[in-house]
There are 2 protein chains.
Amino acid sequence: MNKILRGSLHDEVVSRLRDMIVEGDLRPGERLNERELCERLGVSRTPLREAFKVLASEGLVMLLPNRGARVTRLTRRDIEDMFHVMGALEALSGELACTRIADDAVAEIRALHYEMLAHYARRNLREYFRLNEQIHRAILGAAENPVLTAMYNSLAGRVRRVRFMANMSSERWDEAVREHERILDALVRRDGAALAVILRAHLEHKCAVVLESDCIDAEETAEAVAG
Amino acid sequence: MNKILRGSLHDEVVSRLRDMIVEGDLRPGERLNERELCERLGVSRTPLREAFKVLASEGLVMLLPNRGARVTRLTRRDIEDMFHVMGALEALSGELACTRIADDAVAEIRALHYEMLAHYARRNLREYFRLNEQIHRAILGAAENPVLTAMYNSLAGRVRRVRFMANMSSERWDEAVREHERILDALVRRDGAALAVILRAHLEHKCAVVLESDCIDAEETAEAVAG
DNA sequence: CCGATCCATTTTGCATGCATAATTCCGCTG
DNA sequence: CAGCGGAATTATGCATGCAAAATGGATCGG
């Protein structure tokens, strides 16, 4: 019984459920029982059901007619598909950013880059990823395209469910940092075409890292057979 | 009172509302009165409100807390933003299609291409657009990436609201057909990189055509001031 | 004459109720 | 003992009810 207080209820329920799915509180393939979740969230069925519809349209849950909602399962192929699209979107964000970004925004990204390097030097993977994400978000923001941002965030939310950080090899980490050097360089030069290519490759590599840590994938496949 | 019969109600309501928005039955900026729409669709408020949430997450309507739903307004900038993203997505679909498409699927696209040319020769703009869309859908399908397809369709649904067909000049039409020749050629050669470039330019040009017919844009801007 | 304020009406947000479809459980049959 | 069938239970889908917020309008004050 985790009562929600602020704002409009259905939005809050959407956020809470999203978090629960991303955090693994609600496991892939798990059936979402309305009554049970109502109690857990302290709301009635109406806002909960509205939230189900939203999450379904975002692709986080699957709605089976007369059979309730289930958390969608991510197959290896789903992850590949999502990363391909994210690659295209990030490439576009890079191009747009190069045409629009101001010098001080580039300077801020450079600062984030150095912060990230510091965490890299200390081998602090978690903080490294946090800064990494901030840099990508900054580029996305510099693209100044809300449609792009919304779509990217939607996909990012879906892949975030896959936990893979522990799986990045030292070599891959080194490579990622080199890629980030080139990202910053292209951004400084406002070379949109180059930045697009680098970002796409960067995402492709990230996808490979995620897919290597396929323990989750295997686990989910096992559940798929069972459930 | 246009009673809905088949399938689950909320899905049907989502489709109906989407159509009403695309067709202009519900005008941009218009407030969506629950009671009125309930009567028009012959459903109660529950499925209608669920549909609102879905359409909001798709970006077709805007939800104002305690103040109901309004059809989102498309500014010139929104259209540009959406076309940029669609360009990136189509480019990706071209690349993926080139790696995956089978010969018979290419043959089918060639057939569609010739059908389109026939309508072009007869100056039948409506049918030309229909075939045009079929070709793009075929390439998208050949990419075999459901995530990509879903995102593209979502955006396509949003820009479809803009009626622009009448506005294409003869020169631009000629150019579009030339681009389509190159699209088919690149597809036959399985030259993904080339196809990506052409498709992006193609979308960019389409965006320009849409923006030229800014009568709608002006009208909506006027409404924006009024509403 | 214009603007602000308070009350009546409408509308929204959420909870609950009811009918139908799904699931479970139990006894039955082979 | 496994498999099947049907009733009881549970869950879902939709409609409706109720309280709070917003909207509209008339009255009042400047």
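As a basis for the values below, the full set of heavy atoms in this structure was taken, side chains included, without hydrogen atoms, waters or symmetry mates. Just so we're on the same page: letters track the sequence lines, and every chain starts at 1.
- If you check dT11(C), dA15(D), dA15(C) against the side chain of L9(A), the one that comes closest is dA15(C).
- Regarding contacts with the backbone of dC14(D), a side-chain N or O of H10(B) is found under 4.0 angstrom from either OP1 or OP2.
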Report task. Please lay out, stage by stage, how V147(B) and D78(A) fare under the test side-chain contact (heavy atoms from CB on, under 4.5 Å). Result -> CA-CA 8 Å; V147(B) 176; D78(A) 290 332; 5.6 Å; no

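- For a distance-only test at 3.5 Å, the side chain of R67(A) fails to qualify as a donor-acceptor partner of the base of dG13(D).
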Requested in this report: Let me see the working for I79(B) and V162(B) under side-chain contact (heavy atoms from CB on, under 4.5 Å), right down to the final yes or no.
Outcome: CA-CA 9 Å; I79(B) 294 170; V162(B) 185; 3.8 Å; yes

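- Here dG13(C) presents its P atom at 17 Å from CG of L48(A), a figure rounded to the nearest Å.
- If you take CD of E39(A) and C1' of dA15(C), they are 15 Å apart, rounded to a whole angstrom.
- Here L32(B) lies in heavy-atom contact (under 4.0 Å) with sugar-phosphate atoms only.
- Put simply, R49(B) has a side-chain N or O that comes within less than 4.0 Å of OP1 or OP2 on dG13(C).
- With a 6.0 Å radius and a threshold of 12 heavy atoms from other residues, nucleotides or ligands, R130(A) has its CZ atom above the threshold.
- In this structure, E50(B) atom CD and dG13(C) atom P are separated by 14 Å, rounded to whole Å.
- The separation between F52(A) atom CZ and dT12(D) atom P is 7 Å, rounded to whole Å.
- For S8(B), counting side-chain heavy atoms from C-beta on, the closest listed nucleotide (dA21(D), dC14(D), dA21(C)) is dC14(D).
- In the set dG13(C), dC14(C), dT23(D), the nucleotide with an atom closest to the side chain of R31(B) is dT23(D).
- Following rounding to the nearest Å, L64(A) (CG) and dT23(C) (P) show an atom-to-atom distance of 9 Å.
- Residue L63(B) contributes atom CG, which lies 7 Å from atom P of dG13(C) at whole-angstrom precision.
- Rounded to an integer number of Å, the gap from E36(B) CD to dT12(C) P is 10 Å.
- When distances run from any side-chain atom of P47(A) to the nucleotides dG17(C), dA15(C), dA15(D), the shortest one goes to dA15(C).
- Residues R200(A) and E90(A) are not paired through a salt bridge, judged by the lack of any N-O separation under 4.0 Å between the basic side chain and the carboxylate.
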**Report entry** Test log, rule side-chain contact (heavy atoms from CB on, under 4.5 Å), inputs M82(A) and N145(B)
**Finding:** CA-CA 8 Å; M82(A) 289 193 277; N145(B) 182 329; over 6 Å; no

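- Which of dC14(C), dG13(D), dA15(D) sits closest to the side chain of N66(A) comes down to dG13(D).
- Using a 30° and 60° split on the angle between ring planes, H202(A) and H136(A) fall in the parallel class, below 30°.
- Rounded to whole Å, atom P of dT16(C) lies 12 Å from atom CZ of R35(A).
- Here dA11(D) is the nucleotide among dA15(D), dA11(D), dT12(C) with the atom lying nearest to any side-chain atom of N33(A).
- Considering only side-chain atoms of E34(B), the nucleotide from dA15(C), dC14(D), dG13(C) that sits closest is dG13(C).
- In the set dA21(D), dG17(D), dT16(C), the nucleotide with an atom closest to the side chain of R45(B) is dG17(D).
- For dC14(C), the OP1/OP2 oxygens have no side-chain nitrogen or oxygen of T46(A) closer than 4.0 Å.
- Two residues, P65(B) and A69(A), neighbour DNA chain D, and the one matched to the more 5' nucleotide by heavy-atom proximity is A69(A).
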